[in-house]
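Everything quoted here is computed from the prediction, not taken from an experiment.
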Amino acid sequence: MTSFLIALQFLTRIQLARHLTWTNEAFGASLRCFPLVGGCIGLFLCLCWFAAGLALTGFYRAVCVIIAWFLITGGLHADGFMDTADGLFSVRSRERMLEILKDSRVGSNGVMAFFFLALLKICFLANIEGPAVYAALLGIPVAARYGTLVSVLEFPYARPEGLGKAFAAYAPPRTLALGFLAALPPVLIGGFLYLTLLGTAIAASLILNTYIVKHLGGVTGDTYGAVTESSELLLLGLCAAIY
């Protein structure tokens with residue numbers, strides 16, 4: 001339960017316990033609960049979609065849900081997405097790109113990247129029709145956060161120290177396998193669609209992180225967020241294309 005609460009409070013703005021021990025070991029143990037937190041986010045988004053549908057339809061309904069999506073995570077992944085865009089698109093040396101990723105200020109590349117990210121998420125969500133939207137909203141956050149486990153555990157960290165390195169270094173054995181089991185429940189609702197989303201999220205994580213490692217020499221906490229946001233966008237686009 002402690003591992004789940006740490007993962008929940010780290011990945012979202014939901015605060016259920018104020019006195020948790022945030023040690024490196026606790027962070028590592030919380031990794032296996034990331035897909036479960038994705039499930040909580042998905043349930044919240046389904047509720048938002050239903051509530052917004054009482055007064056709005058189409059594009060405006062999608063706008064409300066995407067705003068809620070960013071708010072529930074506190075912009076954690078979006079911040080990493082913008083920082084990564086600033087770094088990778090700066091066309092600088094590897095060392096300079098890593099410095100840009102650490103800079104708290106957002107540059108023009110990050111602003112443009114976030115604008116298109118939000119716009120495309122809204123457009124894709126607005127084009128998913130029928131009950132499939134609930135399967136998408138529930139399954140995508142889970143699948144994308146299992147992709148985050150792949151980012152953390154399967155790729156080297158770019159810096160000698162950092163929060164992301166602590167996650168990987170202190171992850172218990174079989175974390176990837178346990179996380180996979182935690183990511184399976186949405187298949188009961190989404191069926192083959194969800195399995196497709198999960199497989200796509202894993203493939204996207206492998207491809208994107210390989211590209212990141214090629215240019216940065218490793219992954220960082222910011223690139224974890226970038227891969228998560230990019231995976232969610234890709235999965236929304238896939239659902240929009242299917243439905």
Hey, what do you get for [atom1] ([X]) to [atom2] ([Y]), rounding to the nearest 0.5 Å?
{"X": "Thr175", "Y": "Phe34", "atom1": "OG1", "atom2": "CZ", "result": "10.5 Å"}
{"X": "Met82", "Y": "Asp79", "atom1": "CE", "atom2": "CG", "result": "5.5 Å"}
{"X": "Tyr157", "Y": "Tyr224", "atom1": "OH", "atom2": "OH", "result": "6.0 Å"}
{"X": "Lys214", "Y": "Thr210", "atom1": "NZ", "atom2": "OG1", "result": "10.5 Å"}
{"X": "Arg174", "Y": "Leu181", "atom1": "CZ", "atom2": "CG", "result": "11.0 Å"}
{"X": "Leu233", "Y": "Ile140", "atom1": "CG", "atom2": "CD1", "result": "9.5 Å"}

Exercise for the section: Indicate yes or no: does Arg96 engage Glu99 in a salt bridge with an N to O separation below 4.0 Å. Expected result: yes

Kindly say whether [Y] contributes a backbone atom to a donor-acceptor pair with the side chain of [X] at under 3.5 angstrom?
{"X": "Thr220", "Y": "Thr223", "answer": "yes"}
{"X": "Arg61", "Y": "Trp49", "answer": "yes"}
{"X": "Arg159", "Y": "Leu98", "answer": "yes"}
{"X": "Thr84", "Y": "Asp222", "answer": "yes"}
{"X": "Asn127", "Y": "Cys123", "answer": "yes"}

Exercise for the section: Start with the C-alpha distance between Cys64 and Leu56, add both sets of side-chain angles, then the distance that settles side chain to side chain contact (heavy atoms under 4.5 Å, CB included), and finish with yes or no. Expected result: CA-CA 9 Å; Cys64 290; Leu56 301 169; 3.4 Å; yes

Is the closest side-chain heavy-atom distance between [X] and [Y] below 4.5 Å?
{"X": "Cys239", "Y": "Leu197", "answer": "yes"}
{"X": "Leu88", "Y": "Leu216", "answer": "yes"}
{"X": "Leu238", "Y": "Leu234", "answer": "no"}
{"X": "Leu11", "Y": "Thr73", "answer": "no"}
{"X": "Tyr243", "Y": "Val133", "answer": "no"}
{"X": "Leu43", "Y": "Leu47", "answer": "no"}
{"X": "Leu8", "Y": "Leu36", "answer": "no"}
{"X": "Tyr194", "Y": "Ile189", "answer": "no"}

For [X] and [Y], which heavy atoms make the closest approach, and how far apart are they?
{"X": "Phe155", "Y": "Leu206", "value": "CZ-O, 3.7 Å"}
{"X": "Gly38", "Y": "Val142", "value": "C-CG2, 3.5 Å"}
{"X": "Ala183", "Y": "Leu198", "value": "CB-CD1, 4.4 Å"}
{"X": "Ser30", "Y": "Ser3", "value": "CB-O, 3.4 Å"}
{"X": "Met97", "Y": "Ser90", "value": "CG-OG, 3.5 Å"}
{"X": "Gly110", "Y": "Asp86", "value": "N-OD1, 2.7 Å"}

Name each donor-acceptor pair under 3.5 Å that joins a side chain in residues 144-153 to protein atoms two or more places apart or in another chain, with its distance.
| residue | atom | partner | partner atom | Å |
| --- | --- | --- | --- | --- |
| Arg145 | NH1 | Pro141 | O | 3.0 |
| Arg145 | NH1 | Glu232 | OE2 | 2.7 |
| Arg145 | NH2 | His77 | NE2 | 3.3 |
| Arg145 | NH2 | Glu232 | OE2 | 3.2 |
| Tyr146 | OH | Leu176 | O | 3.1 |
| Thr148 | OG1 | Ala144 | O | 3.3 |
| Thr148 | OG1 | Thr228 | OG1 | 2.8 |
| Ser151 | OG | Gly147 | O | 3.2 |
| Ser151 | OG | Ser205 | OG | 3.1 |
| Ser151 | OG | Asn209 | ND2 | 2.8 |

Let me check something: do [X] and [Y] share a hydrophobic cluster, defined by ILVMFWY side-chain heavy atoms less than 4.5 Å apart, either directly or through other members?
{"X": "Leu120", "Y": "Ile66", "value": "yes"}
{"X": "Ile128", "Y": "Leu119", "value": "no"}
{"X": "Leu138", "Y": "Ile14", "value": "no"}
{"X": "Leu125", "Y": "Leu235", "value": "yes"}
{"X": "Phe116", "Y": "Val106", "value": "no"}

Exercise for the section: Would you please test Val213 and Val219 for side chain to side chain contact (heavy atoms under 4.5 Å, CB included) and show each step? Expected result: CA-CA 6 Å; Val213 170; Val219 295; 4.1 Å; yes

Practice task
Can you label the angle between the Phe10 ring and the Phe27 ring as parallel, tilted or perpendicular, going by 30° and 60°?
Solution key: perpendicular

Exercise for the section: Might you confirm whether atom CD of Gln15 has over 12 heavy atoms from other residues, nucleotides or ligands at distances under 6.0 Å? Expected result: yes

Practice task
Count the heavy atoms belonging to other residues, nucleotides or ligands that lie under 6.0 Å from CZ of Phe89, then report whether that count exceeds 12.
Solution key: no

Practice task
Taking the six-membered ring for Trp and the full ring for Phe, Tyr or His, determine whether the centres of Tyr134 and Phe50 are under 6.0 Å apart.
Solution key: no

Handout entry: Centroid-centroid distance, Phe70 to Phe114, less than 6.0 Å
Key = yes

Fill in the blank from the handout: Residue pairs passing the salt bridge (Lys or Arg N to Asp or Glu O under 4.0 Å) test with at least one member in residues 65-78, sequence neighbours excluded, are none

